[in-house]
J.: 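Quick one: the structure is below, questions incoming.
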Amino acid sequence: MSQGDMMLKDTVLVLSEDDKIIGSASKRESHVFDGKQPQGILHRAFSVFLFDESTNELLLQQRASTKITFPNVWTNTCCSHPLHGMEPSEVDLPEALKNGEVMGVKNAAIRKLDHELGISPSQLDVTKFKFLTRLHYWAADTVTHGPKSPWGEHEIDYVLFYTIPNKSALTIKPHPDEVDAVKWVTEEGLQEMLKDTTLLFSPWFRLIFQRWMTGKNSWWSDLKETMATEKYCDYVNISRFDPPKEHLGGGGNAGPKFLKGDAAKKQGAYGKIKAHKESKLRQLFQVDEVWSALTLLYLKPLVSNLETPYIQNTFSREELMFCDKILGKVSRSFAAVIRQLPQELLVDILIFYLVLRALDTIEDDTTAFPTMEAKIAKLKDFYEQALVDPNWKLDGVGEGDELRLLQEFPKCHTIFSQLNRDSRIVIADITKRMGEGMKEFIVKDMGQGTATVEEYDRYCHFVAGLVGEGLSRLFAVSGLESSSMSKEIHLSDRMGKFLQKVNIIRDYLEDYVDGRAWWPKSIWSKYSETDDLGYFCKMDDQKVRANSLACLNELVTDALELAPDCLAYMSKLHCAEIFRFCAIPQVMAIATLDKLYNNPDVFTGVVKIRKGLSCQLILQTNTVEELHGIFYNFSQSIATKARRTKSDPSRERTLKACQAVIDLTESTRLRRTKMWKKVCVALVGTLAVKAFVSPKKLDVPLGYLARGMALTVTTMLFWNSTIYPKNNKLKSAQKMSKNDID
């Protein structure tokens, strides 16, 4: 049977993105790359790696020059597809993954080793194949067929290892239509082959080798451990990769599916997905925001309290400088808000943030750990040892500044050890509980999001609700807030969840391509016509677009329903600096929700509010009245959009959520409206007096206009302090007394 005949006859298993069988297709159909299917059809595959135990050599094959896809390339021992209708069955259902049996794929491997290499099934034991993990990749065969190649691969590939005592006992008879050559190589020998630019290698083989098989503690260097234990097995997660750049394109001109490069790079997809920003010209037309930015940068910047004598005399200077510098690197926006906190609390919050950021870096890294068990062990090691052992540090996890944070963590520990005992207890407790929560989700396949809203809420509780609780407890032990704040567990949790849900909604595409998504399936499946969270990315299809926006709006509404509890929490604060510290992230979140609502850009990149607006919000978040005014305005904006989207399934729920916020903040709007009415009356009165005193000089207005402006400003100041008074409940930490707190 010719290659072309097999392409038509063989029926592959068509998959959803989470590796569920959803149909079948001919091998030919699934490998076509054209305008209708730029990356072909996703189907199941396997890759066999056969080793000689005595020499630690791997058997390679060079695919035959007559192969239709990827001819002449060197690759692993055998790579092919499980098929429908074979006996014994080559179909694995999801439950086969739980213990790594996957007998269907192993049966297919036995069949193809015989067909391609002439290795008789009698020489192999199907039960001795070691299933390690899965990778989802695609590649256009542009090297063979040119930049518009009509062929390519798009597979979820099951990696199988097999060892034999000695290659001398193995009979190999390659099929000339399948294999041109075979070769046994050591890892060093393969590295030399890869340097030879005259040789071609399959893209999937390169991805597997570079990701898991090279260097110390790799599958190959630790082959005995790999075969004898579950140390390197991952039956839960699917690693996702775009191809090397030379395999982009094809007949459908396909670009990166996951991100620009390797979807499994450290720290995931963060910063590698397109950010939707307004043009600089349009931003410059927002004159009030430009003024706010200039004010915050040059006229009224947030003041850092790190240089106060108390802090300088209490904490080790060199280590504190490191903590402050690394804070600015890993979170530039949050750093300024932390630094303006009172001296009694600033360092406690700074260390709390860095400790949790270090924990999060371990959880986020998708490549540093060979297995989930290894990652879980490091998470546990962190929350059990990092805050106890002054010399604890971790190398090779994270990238950039996060990598450095873990490498130089002893400096953070030094400052942590100098905090008061109550603060250390709070930080250690929250770190442990968050780490335990992360462990719960690490072992789950999150490629298609959380299963239910309850699971979604639970995740948000672990990664953000606990942060809210920890902050409230630190506020209380600092003495700057009432001791009752440590008991505001419910409101603290809801405030943290509000911020986290906004981030999750905004980061849809980043999280999806990273294979760790959080949108609850119980919500998104109502709007998706497939079993894939990636369905919503197809914005050129009007039906998909409508369904995507409906899904988005329900999630925005779900987050917005937490806003009243955020406002309730804020009303309990007394210290002005703590109030600003909590309020600034809240106003950024409500502004972002307004930007996200009914916005198709969410599905093609990351949506962010304008920097000038961010500056304006920072400057205008000093009192409860200002906070309420901001929440009122953005809730009104969302409500206005919701009224226009009459066909949206969540419309009434959205309007109800907006109205709940509006009802809580309405009195602020009325006071502000009254103020501006008085100002307008004063201005009109000034002009009236001018006309009465000197009607003939109306055409020479400068003198009277100056007087009118002066009167207007005076009136504004007057009404600002009477009709619209500042919130006298909030006081700076330096001016607070115990009576203010109690």
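In this text, all values refer to a predicted model and were calculated from it rather than measured experimentally.
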J.: When you check the side-chain N and O atoms of D381 and W392, is any donor under 3.5 Å from an acceptor?
T.: yes

J.: Does one side chain, of Y597 or S637, offer a donor that lies under 3.5 Å from an acceptor on the other?
T.: no

J.: Do Y632 and Q636 pass the side-chain hydrogen bond (donor to acceptor under 3.5 Å, both in side chains) test, and can you show the C-alpha distance, the side-chain angles, and the key distance before you say yes or no?
T.: CA-CA 6 Å; Y632 175 89; Q636 280 283 31; 2.9 Å; yes

J.: Have Q418 and S316 got a donor and an acceptor in their side chains that come within less than 3.5 Å?
T.: yes

J.: Under a 4.5 Å cut-off applied to non-hydrogen side-chain atoms, are L403 and V397 in contact?
T.: no

J.: Which pair of heavy atoms, one from R424 and one from L419, lies closest together, and at what distance?
T.: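 Scanning both residues completely, I find the closest heavy atoms to be NH1-O, 2.6 Å.
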
J.: For a salt bridge (charged side-chain N to carboxylate O under 4.0 Å, His left out) with D457, tell me which candidate from K497, R494, K501 qualifies.
T.: K501

J.: More than 12 heavy atoms of other residues, nucleotides or ligands under 6.0 Å from NZ of K393: yes or no?
T.: no

J.: Can you confirm whether the side chains of D389 and Q385 place a donor and an acceptor under 3.5 Å from each other?
T.: no

J.: Honestly, is K444 close enough over F441, meaning NZ or CZ under 6.0 Å from the six-membered ring centre and within 45° of the axis?
T.: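 That pair qualifies as a cation-pi contact.
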
J.: Can you tell me if R339 and N305 form a side-chain donor-acceptor pair at under 3.5 Å?
T.: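 Their side chains do not contain a donor-acceptor pair, so the 3.5 Å distance test is not met.
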
J.: Just by distance, do the side chain of E488 and the backbone of D493 share a donor-acceptor pair under 3.5 Å?
T.: no

J.: Establish, from distance only, whether the side-chain atoms of Y383 and E436 form a donor-acceptor pair under 3.5 Å.
T.: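 There is such a pair (donor and acceptor under 3.5 Å, judged by atom type) between the side chains of Y383 and E436.
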
J.: Got a sec, which residues hit side-chain contact (heavy atoms from CB on, under 4.5 Å) with E384, two or more places apart in sequence or on another chain?
T.: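 In terms of side-chain contact (heavy atoms from CB on, under 4.5 Å), with neighbours along the sequence ignored, E384 is linked to K380.
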
J.: Within the 3.5 Å criterion, strictly below it, is a donor on T308 or Q343 matched to an acceptor on the partner's side chain?
T.: yes

J.: Distance only, no hydrogens: is a donor on one side chain within 3.5 Å (strictly under) of an acceptor on the other, for H276 and T604?
T.: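 T604 and H276 do have a side-chain donor-acceptor pair below 3.5 Å.
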
J.: Does some side-chain heavy atom of L354 sit less than 4.5 Å from a side-chain heavy atom of F416?
T.: no

